[in-house]
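Heads up: numbering here begins at 1 and tracks the sequence.
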Amino acid sequence: MTVRVRRVYDPPEPGDGVRVLVDRLWPRGVSKDAARVDEWPKGLTPSTELRRWYHAGEGSFAEFTERYEAELGGPVEAELLDHVRELASAGDVTLLTASKSPGESHAAVLLRLLDGK
């Protein structure tokens, strides 16, 4: 099992496995056919308020991570995270994001949680 993060703008690769879009909004300029998204659990993404707060530069990535992990503790969010864990236990999973800095985005938080690190 491998879980990785890639930008949705990168072309799909054979080793991607299940491609999961982890952004709340559909990425601009990408057709659904080109993205080849298998799942899009919008409830797993940061709330609109948290997303706007972080993108406004009002807080650090560490604080964003803490707030986002708290949101993921909700029942719906926890169920969706468990579902992605199940997908990962069955094979490769690629978390897709439009973020220009995937290493400092919610996708990186999800990757760490799914890897158990």
Distance-only donor-acceptor hits, side chain of residues 25-32, under 3.5 Å, sequence neighbours excluded:
| residue | atom | partner | partner atom | Å |
| --- | --- | --- | --- | --- |
| W26 | NE1 | V30 | O | 2.7 |
| S31 | OG | A34 | N | 3.0 |

Query raised in the report: Measuring from L87:CG to T94:OG1, what's the distance to the nearest 0.5 Å?
Result: 11.5 Å

Query - Shortest non-hydrogen contact from E86 toward S89 - result: O-OG, 2.8 Å

Requested in this report: Could you tell me whether D16 and R4 have a side-chain N and a carboxylate O separated by less than 4.0 Å?
Outcome: yes

Query raised in the report: Quick one: CG on L50 to OH on Y68, what's the gap to the nearest 0.5 Å?
Result: 9.0 Å

Requested in this report: Decide if atom CD of E66 counts as having more than 12 heavy atoms of other residues, nucleotides or ligands within a radius under 6.0 Å.
Outcome: no

Requested in this report: With rounding to the nearest 0.5 Å, note down the distance linking OG1 in T97 to CG in L21.
Outcome: 7.5 Å

Report summary line: Between L95 and the options V18, V20, V8, the side-chain contact (heavy atoms from CB on, under 4.5 Å) test singles out V20

Requested in this report: Spell out, as yes or no, whether a donor-acceptor pair under 3.5 Å connects the side chain of D38 to the backbone of R19.
Outcome: yes

Query raised in the report: Side chain of R6, backbone of P11: donor and acceptor closer than 3.5 Å?
Result: yes

Query raised in the report: How about L44 and V84: do any of their side-chain heavy atoms sit closer than 4.5 Å?
Result: yes

Report task. Take atom CD of E79 as the centre, draw a 6.0 Å sphere, and report whether it contains more than 12 heavy atoms from other residues, nucleotides or ligands. Result -> no

Listing, residues 101-110 side-chain donor-acceptor contacts under 3.5 Å, not counting sequence neighbours, or none:
| residue | atom | partner | partner atom | Å |
| --- | --- | --- | --- | --- |
| S105 | OG | P102 | O | 2.8 |
| S105 | OG | A107 | N | 3.2 |
| H106 | NE2 | V22 | O | 2.5 |
| H106 | NE2 | D23 | OD1 | 3.2 |

Requested in this report: To the nearest 0.5 Å, tell me how far Y9 OH sits from L96 CG.
Outcome: 11.5 Å

Requested in this report: Find the distance between CD (E58) and CZ (F64) and round it off to the nearest 0.5 Å.
Outcome: 13.0 Å

Query raised in the report: Below 4.0 angstrom, N of the basic side chain to O of the carboxylate: do E71 and R67 qualify?
Result: no

Query - Approximate separation, where rounding is to 0.5 Å, of D82 CG and E77 CD - result: 12.0 Å

Query raised in the report: Is the side chain of R7 donor-acceptor paired with the backbone N or O of S99 at a distance under 3.5 Å, no angle test?
Result: yes

Query raised in the report: Would you say V37 and L81 are hydrophobically clustered, going by side-chain heavy atoms of ILVMFWY under 4.5 Å?
Result: no

